[in-house]
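Here's the structure we're looking at; comments come further down.
Residue numbers begin at 1 in each chain, while the letters A, B, ... track the order of the sequences. None of these values were measured; they are calculated from a predicted model.
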Amino acid sequence: MMEENPAVQMDADSSKEVEGGTLGKQVVVMMVGAPGSGKSTFCNDVVSGGPHRLWHRVCQDSIANGKAGTKLQCLRSALDALKDGKSVFIDRCNLDREQRVEFVKLGSPQVDVHAVVLDLPARVCISRSVKRTDHEGNLQGGKAAAVVNRMLQKKEFPKLNEGFSRITFCQNDNDVQSAVDTYRALGPSESLPSGYFGQKGTDTKVQVGIMKFLKKVEAPEGSASDGVKCQNSTSKEGSKEKDTQCMETETIQINNKKAAEGGKRGDSVGGGISSNSLHTLAFPSISTADFQFNHEKASDIIVESIDEALNKFKNIRLVMVDLSSGSRILSLVKDKAVKKKLDPLRFFTFAGNITLINTEGNLGCTVIANATNWRLKPGGGGVNAAIFNAGGEALKLATKEQAGTISPGKSLVVSLPSTSPLFKREGITHVIHVLGPNMNPERPNYLKNDYVKGCKILCEAYSSLFESFASVVHAQRFQKESCNSSEPGSSYSHKDHTQRNYFDKLFRVDPKNKREDCLESLDSVRNKKYKALPLECGLNDGRDMRHNDFAGCGNHGDESVILEHNENMTSCSDITNSAPQGMIQKKNKKISDSSKKNWSSWAQALHQTAMNPEKHKDDILHISDDVVVLNDLYPKAKKHILILSRLNGLDELRDVRKEHLPLMRKMHSIGLEWAKKFIIDDNSMVFRLGYHSVPSMRQLHLHVISQEFDSIHLKNKKHWNSFNTAFFRDSVDVIKEIDEHGMAMVNDNENLLSTELRCHRCRSAHPNIPKLKFHIGVCKVPFSDTLLQNGRLVSGHLNET
DNA sequence: GTTCTAGAAC
DNA sequence: GTTCTAGAAC
């Protein structure tokens, strides 16, 4: 006979209030948390919250007639309660796997085992423990701090592969309240969806940000894959233990399958997942509809590609969507995924409308893929028409801005404007267009039944799609971390979150400005701090003319200096008539500046080289009468050379006038030749040619720099921003401006060099240089259209005219 | 431009 | 305690 304890009594009271009805699946909820984290309060709050379900709280601290008992007593008590049809809270610390393992075994086909992790800051737990005077376990007063600290050092977060079907992480009071509400509302015939919910903190002492990048600390997603590992077990653990784990994993997968199926019915599958752990991509089958690709072959490729992607990117979940549940390709993929033992937590199929993926499917998805046509145009029926239609004019325009066409096997990420109905209704932030191989003779690029080529292209298409998705996720996670890290206790909804990412991207908010700024309007952000930043939103390359500075007039002190310098130029007022607004502003601002810069001794090195190249022959790649070509002493990329003018007195961009146009063109053409040479050696290289608005070294020099920015010399914000903000003036633009206005704009606002670090491809913001460098090493998002236009970028695949 | 380093941030 | 930034010195 089990011991009487207050918890049981409490159940008896609450059970009286339970209304009749068939009992559904029971649940064992294992509380995980340090003393003082609020486990007992949590249980009591749920139990006292309503008549929805019969609960029994097992509290080890009071199980023996109000005193602390043993684990065995707790197990017995829990078993008895389950036999009585009750659900059970295991109210003990359960901080490591060993403490939990016996309780997990309480699970069965009729009993789900959940964990609720109260991962509150240690200081909060200690403070509560120290203050309380009535703790059941007598852990209070001064000794509490030492105990809590010791326990937290050993803590080990629960994972699904321990046998839990659902794990909820709570990091603050809001999370706790939300979890309490969830369990309070859980009716006797209802089940909660499986998976990880809420955000897991770190259970190590390492810096989370860095470790996430190094993939050494995986958030829950890592644990999800543990289940797969278990099936192919190479575990060093004993065989008995191994068997148990595998069996339990299987149970979880069954549970999750049910959860996934539940999604089709509109249950909240993945609602929690979307909030923080797994990022979901919904995608249609590519090429199997209008492009008539063989379904058998396609399904093999799809399953292979998914397997590869899930192994490569640990934090993603993929959902293949087709309108009809009778879809042949969906069935084929579903069967093959099972055979391939793809983790059902991370891949499943969904029969429904991809444009209603969240409102109908409730999949918590922020990115969808579109099987598009080569013109990236709406129409053609099928999923392409449906997605373009649902995305509205905003999607069409955003796509058009990115590219005019797309090649088979490639994908294109489009950031969805907030005006798009897909964004507003579904919370979709990105659409990834993909073009697959075409086997339909009536459509362009018909492959004439060449399945060798077709399969290759289809593989490439899926691979490109999943890579692009991973890049988007990566960018979003950084933005999320930026916002989260500024206010650890904060929590916000999925919708807030996606909007925040979007706004952050849109408004280029400095991570330093913290959360509240993330949602400020464009005007207020701009007026407050970034008055001088370029206005262009989204994929900004800092080219917006409205805030650029046309510094030529003021730089030399007054107008007479300019007139003396450039006889072709009539006057500054003439320039202002045709120059953009920003140019005029700068002219006025700079008019009182000192006339000539004093260059430090170290800043004279290039000047010396230009004047006496023969003395520096070892460092020089090429010498002519006009220019010297040399490697940058501290290259900021794999290839970084300087085309140095030899004209004495021409120190920097703001000195350049119309008379220098032939020289500027020559420098550009020599730079281009060198870039092409490098590209012949390495076809993957992309180059950009341009000038620093305000160079550190005297003597006009053109940078020719490869765009992977892989260099140990790229060390700080100034280095990055000098090549990746409007501070960097593309040679093609400079030449055009000189041709049209007689001088080139310089963007010498010092904010440009200290502005937030953003990826030059996807525009994601990064908190520091190491993180940015990691990101740019993996980001595969195509360069923005602005960069791709007018030959600003030079590569083996582009025209550099 | 880089190096060095104090101190902020994590 | 370690990582990272930013300012001073050169």
Side-chain angles (χ1 to χ4, degrees), chain A residues 119 121-123 149 152-153 171 199-214 216-217 219 477-490 510-515 597-611 616 619-620 628 630-637 640-645 651-653 690-705 709 711-725 727-728 748 750-758 765-777:
Chain A
D119 182 28
R123 60 182 162 74
N149 269 325
L152 284 176
Q153 278 171 4
Q171 292 188 302
Q199 183 164 28
K200 188 178 112 174
T202 173
D203 49 353
T204 65
K205 299 267 181 263
V206 297
Q207 241 185 309
V208 191
I210 282 289
M211 297 309 280
K212 271 182 185 164
F213 278 114
L214 298 175
K216 286 182 182 169
V217 172
R477 280 179 71 167
F478 265 117
Q479 286 162 344
K480 183 170 96 181
E481 279 164 17
S482 300
C483 283
N484 280 349
S485 63
S486 64
E487 196 176 310
S490 66
D510 189 330
K512 282 186 214 156
N513 284 356
K514 306 198 175 182
R515 282 190 58 219
K597 199 187 264 184
N598 285 321
W599 298 93
S600 309
S601 57
W602 54 261
Q604 306 274 3
L606 287 179
H607 177 69
Q608 298 298 332
T609 303
M611 295 305 110
H616 305 82
D619 309 318
I620 288 174
V628 168
L630 69 163
N631 280 314
D632 193 297
L633 189 59
Y634 299 97
K636 304 301 183 294
H640 181 186
I641 62 168
L642 304 177
I643 316 296
L644 182 62
S645 151
D651 289 342
E652 53 181 319
L653 191 56
Y691 300 85
H692 283 158
S693 285
V694 185
S696 299
M697 309 282 280
R698 178 184 176 192
Q699 195 68 23
L700 182 74
H701 54 279
L702 170 69
H703 292 268
V704 178
I705 185 164
F709 292 103
S711 165
I712 54 163
H713 298 293
L714 201 162
K715 293 175 177 171
N716 59 46
K717 202 173 234 188
K718 187 178 172 185
H719 291 157
W720 176 257
N721 284 335
S722 71
F723 289 101
N724 291 288
T725 64
F727 186 87
F728 189 80
D748 63 351
E750 59 184 24
N751 289 341
L752 285 171
L753 295 178
S754 55
T755 192
E756 76 276 16
L757 296 165
R758 284 192 180 264
H766 299 268
N768 56 46
I769 285 289
K771 285 177 180 173
L772 172 80
K773 288 180 82 169
F774 181 90
H775 171 80
I776 59 176

Assign the ring pair A:F723 / A:H703 to parallel, tilted or perpendicular, where the plane angle (0 to 90°) is split at 30° and 60°.
perpendicular

Pick out the pairs of N or O atoms, protein on one side and nucleotides 6-8 of chain B on the other, that lie under 3.5 Å.
none

Pairing residues for A:H701 by the side-chain hydrogen bond (donor to acceptor under 3.5 Å, both in side chains) criterion, not counting sequence neighbours
none

With respect to the side chain of A:S696, which nucleotide from B:dG1, C:dT5, B:dT3 is positioned closest?
B:dG1

Is any side-chain N or O of A:K715 closer than 4.0 Å to OP1 or OP2 of B:dT3?
yes

At their closest point, which heavy atom of A:V694 faces which heavy atom of A:F727, and how far apart are they?
O-CZ, 3.2 Å

Specify the separation, in whole Å, of atom CD1 of A:I769 and atom P of C:dC4.
11 Å

Here the distance between atom C1' of B:dG1 and atom CG of A:D651, to the nearest Å, is 16 Å

Is the phosphate of C:dT5 approached by A:K771 (side-chain N or O, under 4.0 Å from OP1 or OP2)?
no

Could you tell me whether the side-chain ring of A:W602 sits stacked on the base of B:dG1, using a centroid cut-off under 5.5 Å and a plane angle under 30°?
yes

Whole angstroms only, please: what is the CG-C1' distance between A:N721 and B:dG1?
17 Å

Plane angle bin for A:Y634 and A:H713 - parallel if under 30°, tilted between 30 and 60°, otherwise perpendicular
perpendicular

Atom pair NZ/CG of A:K717 and A:L753 - distance to nearest 0.5 Å:
10.5 Å

Atom CZ of A:F774 and atom P of C:dC4: how far apart are they, to the nearest Å?
13 Å

Would A:F728 and A:N721 satisfy side-chain contact (heavy atoms from CB on, under 4.5 Å), going step by step from the backbone distance to the final call?
CA-CA 8 Å; A:F728 189 80; A:N721 284 335; over 6 Å; no

What is the distance, to the nearest angstrom, from the CG atom on A:D619 to the P atom on B:dG1?
17 Å

Value in whole Å for how far the C1' atom of B:dG1 lies from CD of A:Q699:
16 Å

Whole angstrom is fine here: how far is it from NZ in A:K718 over to P in C:dC4?
21 Å

How is A:H692 classified with respect to the nucleic acid when contacts are heavy atoms under 4.0 Å: base, sugar-phosphate, or nothing?
sugar-phosphate

Test side-chain contact (heavy atoms from CB on, under 4.5 Å) applied to A:K715 - qualifying residues, sequence neighbours left out
A:H719

Is there a side-chain contact between A:H719 and the phosphate of B:dT2, meaning an N or O under 4.0 Å from OP1 or OP2?
yes

Among B:dT3, B:dG1, C:dC4, the one nearest any side-chain atom of A:P770 is C:dC4

Atom pair distance, as rounded to whole Å: CH2 in A:W720 and P in C:dC4
17 Å

